[in-house]
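Residue numbering restarts at 1 for every chain, and letters A, B, ... go by the order of the sequence lines.
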Amino acid sequence: MANIHDNPNRDAWVKKIAAANTLANGVKLLTDFRAKHLSPFKTDFSLELDGQWIELKIEEKVALLKHKEFNDTQFLNNSATGENAQKVADAAVAKINATTDMYEAERIHINFRLANKPPILPVNVFLDADRQLGTKLMELRNTDYYALPLEELRKVRGVKVITLQ
Amino acid sequence: MAISTATKAATDALAVNRAPVSVGAQEVHRWLQSFTWDFDKNRTKYSTKYKMANDTKEQFKLIAKEYARMESVKDERQFGSLQDVLTRVDAANRVHPKWNESMKVISNFLEVGEYNAIAATGMLWDSATAPEQKNGYLGQVMDEIRHTNQCGYINYYFAKQGQDAAGHNDARRTRAIGPLWKGMKRVFSDGFISGDAVECSINLQLVGEACFTNPLIVAVTEWASANGDEMTPTVFLSIETDELRHMANGYQTVVSIANDEAASKYLNTDLNNAFWTQQKYFTPVLGMMFEYGSHFKVEPWVKTWNRWVYEDWGGIWIGRLGKYGVESPASLRDAKKDAYWAHHDLFLLAYALWPTGFFRLTLPTAEEAEWYEANYPGWYDMYGKVYEEWRARGCEDPSSGFLPLQWFAENNHPIYIDRVSQVPFCPSYSKGASTLRVLEYNGKKHSFSDQWGERMWLSEPERYECQNIFEQYEGRELSEVIAEGHGLRSDGKTLISQPHTNKDGKLWTLDDIKKIGCVFADPLKAL
């Protein structure tokens, strides 16, 4: 069997990554890949073993394409999608601050990470927004932590019980 | 020539605050305080739901220079003892071989904990706004750097001066396959540096250091001495002299948030989760290392645990924090049940999974079996007779073709791994409190062994996505996995880990494992 570090899954993705030759293509490849293979909400587990390695390789490529296509001002202030980075971050923070539902806050935070984790957003903008989103999510999650019995919590989370001994 | 703004500010401040006439540490500390450092408006880089008060005090009031002077004296004593007298008396070769193996685990794992504690206390430095509180955390950052070096050094010393270096050197290369590594990273890494900054402090300082360093760093010196190891007490007691500062920092973290009304909504939940996280790993692993990794016994682990975790920490230490609204964790009672049998359950599994480790394990001798039965009545019927069967089938001999892992499959006792703690458990052959819970989420199955971990996962499943070895290597043959995971000695064929410490016993090679044809299977797929 193929080695865990060197296998056909990785080889196939190395070729796909090499074919991404514009920033727009690279961004789409990265955000689609994260949503399908790395999201905590994913239903496709086919790349459980190799997903993070592949993501790293796409990120490297996007960073290089960003460096090639952006000037210094764009590099510091824009998202790789071309939008103003701070506006993207502010919109996510405003959205989470408008909710009191922990599950909605969880989706906002996770989706923000999937769509914007560097090199999509510049690190300084991303990390500060991530701090604010994380703070709000933790406040909502940890309030009345034991309010629901486990049976109810399983239902709210949407899990199927396979066995309880 | 114009002077910089910073130089001018310092000159102006010195004009108002005259330098002290003596170099007494406390006076210098008071003088530094008079500069009215203002971090109130600083914003931290890290998420936290707590507000740390700007006027929090610190108990030690040590300035960095005084700190460095004190620590250098400790280092001189410690390294002087190790390099001079202990080397001359060949101390590393006087250690009982079983204990030599235990130190491969204890010191390598503690090194990871200390390394992460550097980052954890740096994060707390960034999060606090009170100058004194920052000063306390600064002292701890420097301590943790020192401790990381000390832990690394003791493995280096054992490897260079002692017996069977494999595992003392470069243990970390086996981290993908060793079943104890991931649980250790959960407590020592994730618990200390991810999530809420104050929750990390609770994990590190309030639970890890105030609760488990007594067993981990003090009790270990008693077990080491009893088993002929003079190096470990020399180093670990030197580490322990710093731990009081860390416990005080944990105390002050709680004091700093006590006046924030919102803190009461979160504090006891975070404490309960932190305690359960830490104890879920340390209770079985420390008990296993002490009792099964030694030849000469000190006292039953359950007594040590009861004295230091249940009474000293759960009662006295947490009791002192009661005035700030802190309560003993609700999970303490369940942990107490685990302290009796969990380490026996874990050793059974650790021995079964021995080829994936980086240290040698030994089956209990007849004399040790008597000790276990005397201190844990019922031990023989559950564990002792299984070890007798394994020994009779030749589990120590490479030519036997028998791995204890096969016994679990033959007897239909699947081994699961708890998704949250990453600790292996076998619900159908266990005397501990673990119970099997399997949930499916978006088509993937997750196993848990207790209600506290299940709730932690249900509350934030994205935090616990770590794959276990059965998921990673499903369908792979064991010898392939060992080779790929760097579980071999420098000859490229002999396993680092071995199922005995007998000097004259044969060592297992990759070929011996390959002949058996053991293939990894994920037990969750069968459900």
Side-chain angles (χ1 to χ4, degrees), chain A residues 1-7 38-46 48-52 102-103 106-107 109-110 113-114 123-124 127-165, chain B residues 43-50 176 195-199 262 265-270 272-273 330 427-428 434-449 451 454-465 467 471-477 480-481 483-485 524 527:
Chain A
M1 186 176 274
N3 188 300
I4 198 167
H5 305 298
D6 182 13
N7 60 50
L38 296 174
S39 165
F41 308 124
K42 67 180 177 286
T43 53
D44 181 341
F45 296 91
S46 59
E48 278 286 84
L49 290 179
D50 300 306
Q52 288 186 321
M102 66 173 254
Y103 296 100
E106 181 181 289
R107 281 191 296 276
H109 192 189
I110 288 171
R113 284 181 170 179
L114 292 171
V123 171
N124 54 332
L127 287 180
D128 190 43
D130 195 63
R131 173 187 66 84
Q132 295 176 67
L133 296 170
T135 297
K136 180 66 191 274
L137 177 59
M138 288 191 291
E139 285 170 1
L140 292 173
R141 273 180 168 171
N142 285 53
T143 303
D144 295 330
Y145 187 83
Y146 297 103
L148 293 181
L150 278 177
E151 295 75 19
E152 292 297 314
L153 195 53
R154 288 180 198 128
K155 282 182 198 160
V156 176
R157 179 54 73 188
V159 299
K160 183 175 156 192
V161 175
I162 303 297
T163 186
L164 288 178
Q165 289 176 0
Chain B
R43 76 155 172 73
T44 172
K45 287 184 282 190
Y46 304 99
S47 303
T48 179
K49 25 186 208 301
Y50 298 94
D196 187 300
V198 173
E199 184 198 344
K265 289 193 288 187
Y266 318 123
L267 182 57
N268 286 311
T269 298
D270 279 347
N272 191 54
N273 283 344
S428 60
S434 296
T435 54
L436 178 64
R437 298 145 184 263
V438 179
L439 305 180
E440 189 177 303
Y441 181 49
N442 290 338
K444 185 178 171 71
K445 293 186 184 117
H446 304 268
S447 49
F448 308 93
S449 56
Q451 58 151 327
E454 185 191 345
R455 181 177 290 274
M456 286 157 76
W457 181 85
L458 285 167
S459 302
E460 43 181 345
E462 80 276 10
R463 187 167 180 170
Y464 308 103
E465 293 192 316
Q467 296 166 339
E471 291 168 325
Q472 274 181 296
Y473 297 112
E474 209 219 350
R476 306 281 309 277
E477 191 273 318
E480 267 184 29
V481 171
E484 186 176 298
L524 291 176
L527 294 174

Quiz item: Top residue by heavy-atom pair count (under 4.5 Å) with chain A, among G443(B), S459(B), A483(B)?
Solution: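 The residue among G443(B), S459(B), A483(B) with the greatest pair count is S459(B).
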Quiz prompt | Top contributor to chain A contacts, counting heavy-atom pairs under 4.5 Å, from D270(B), T269(B), L524(B) | solution =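 Among the listed options, the one with the most contacts to chain A is T269(B).
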Quiz item: Do R437(B) and T163(A) touch side chain to side chain, with heavy atoms closer than 4.5 Å?
Solution: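 No, their side chains stay 4.5 Å or more apart.
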Exercise. State, yes or no, whether a side-chain contact exists between Y473(B) and L49(A) at a heavy-atom distance under 4.5 Å.
Key: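 Heavy-atom side-chain distance check fails, nothing below 4.5 Å.
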Practice problem: Give a yes or no on whether a salt bridge exists between K45(B) and D128(A), defined as a side-chain N under 4.0 angstrom from a carboxylate O. | Solution: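 No, this pair does not count.
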Quiz item: Are the charged groups of R154(A) and E454(B) less than 4.0 angstrom apart, N to O?
Solution: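 Yes, this pair counts.
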Spacing of [X] atom [atom1] and [Y] atom [atom2] [to the nearest 0.5 Å]:
X       : Y       : atom1 : atom2 : result
E440(B) : I162(A) : CD    : CD1   : 4.5 Å
S47(B)  : H109(A) : OG    : NE2   : 6.5 Å
E152(A) : L458(B) : CD    : CG    : 12.0 Å
Y50(B)  : T135(A) : OH    : OG1   : 12.0 Å

Can you tell which part of [X] gets under 4.5 Å to a heavy atom of chain B, answering side chain, backbone, both or neither?
X       : result
D44(A)  : neither
L148(A) : backbone
F41(A)  : both
R141(A) : side chain

Quiz prompt | Options K136(A), Q132(A), K42(A), ranked by heavy-atom pairs under 4.5 Å with chain B, top entry | solution =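 So the answer, after comparing K136(A), Q132(A), K42(A), is K42(A).
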Quiz prompt | Between N273(B) and Y145(A), a side-chain donor and acceptor under 3.5 Å | solution =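 A donor-acceptor contact under 3.5 Å links the two side chains.
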Is it the backbone or the side chain of [X] that comes under 4.5 Å from a heavy atom of chain A, or both, or neither?
X       : value
F448(B) : neither
E465(B) : side chain
Y441(B) : both

Practice problem: Please assess L150(A) against Q451(B) for the test side-chain contact (heavy atoms from CB on, under 4.5 Å), listing each intermediate value before the final yes or no. | Solution: CA-CA 8 Å; L150(A) 278 177; Q451(B) 58 151 327; 3.8 Å; yes
Quiz prompt | P40(A): which of R463(B), E462(B), E460(B) passes side-chain contact (heavy atoms from CB on, under 4.5 Å) | solution =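 Per the side-chain contact (heavy atoms from CB on, under 4.5 Å) rule, the option paired with P40(A) is E462(B), out of R463(B), E462(B), E460(B).
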Quiz prompt | Steps toward side-chain contact (heavy atoms from CB on, under 4.5 Å) verdict (M138(A), Y266(B)) | solution = CA-CA 9 Å; M138(A) 288 191 291; Y266(B) 318 123; over 6 Å; no
Self-check item: Derivation and outcome, side-chain contact (heavy atoms from CB on, under 4.5 Å), residues V161(A) and L439(B)
Solution: CA-CA 5 Å; V161(A) 175; L439(B) 305 180; 3.9 Å; yes
Practice problem: Show your working on side-chain contact (heavy atoms from CB on, under 4.5 Å) between Q467(B) and E48(A) and close with a plain yes or no. | Solution: CA-CA 8 Å; Q467(B) 296 166 339; E48(A) 278 286 84; 3.0 Å; yes
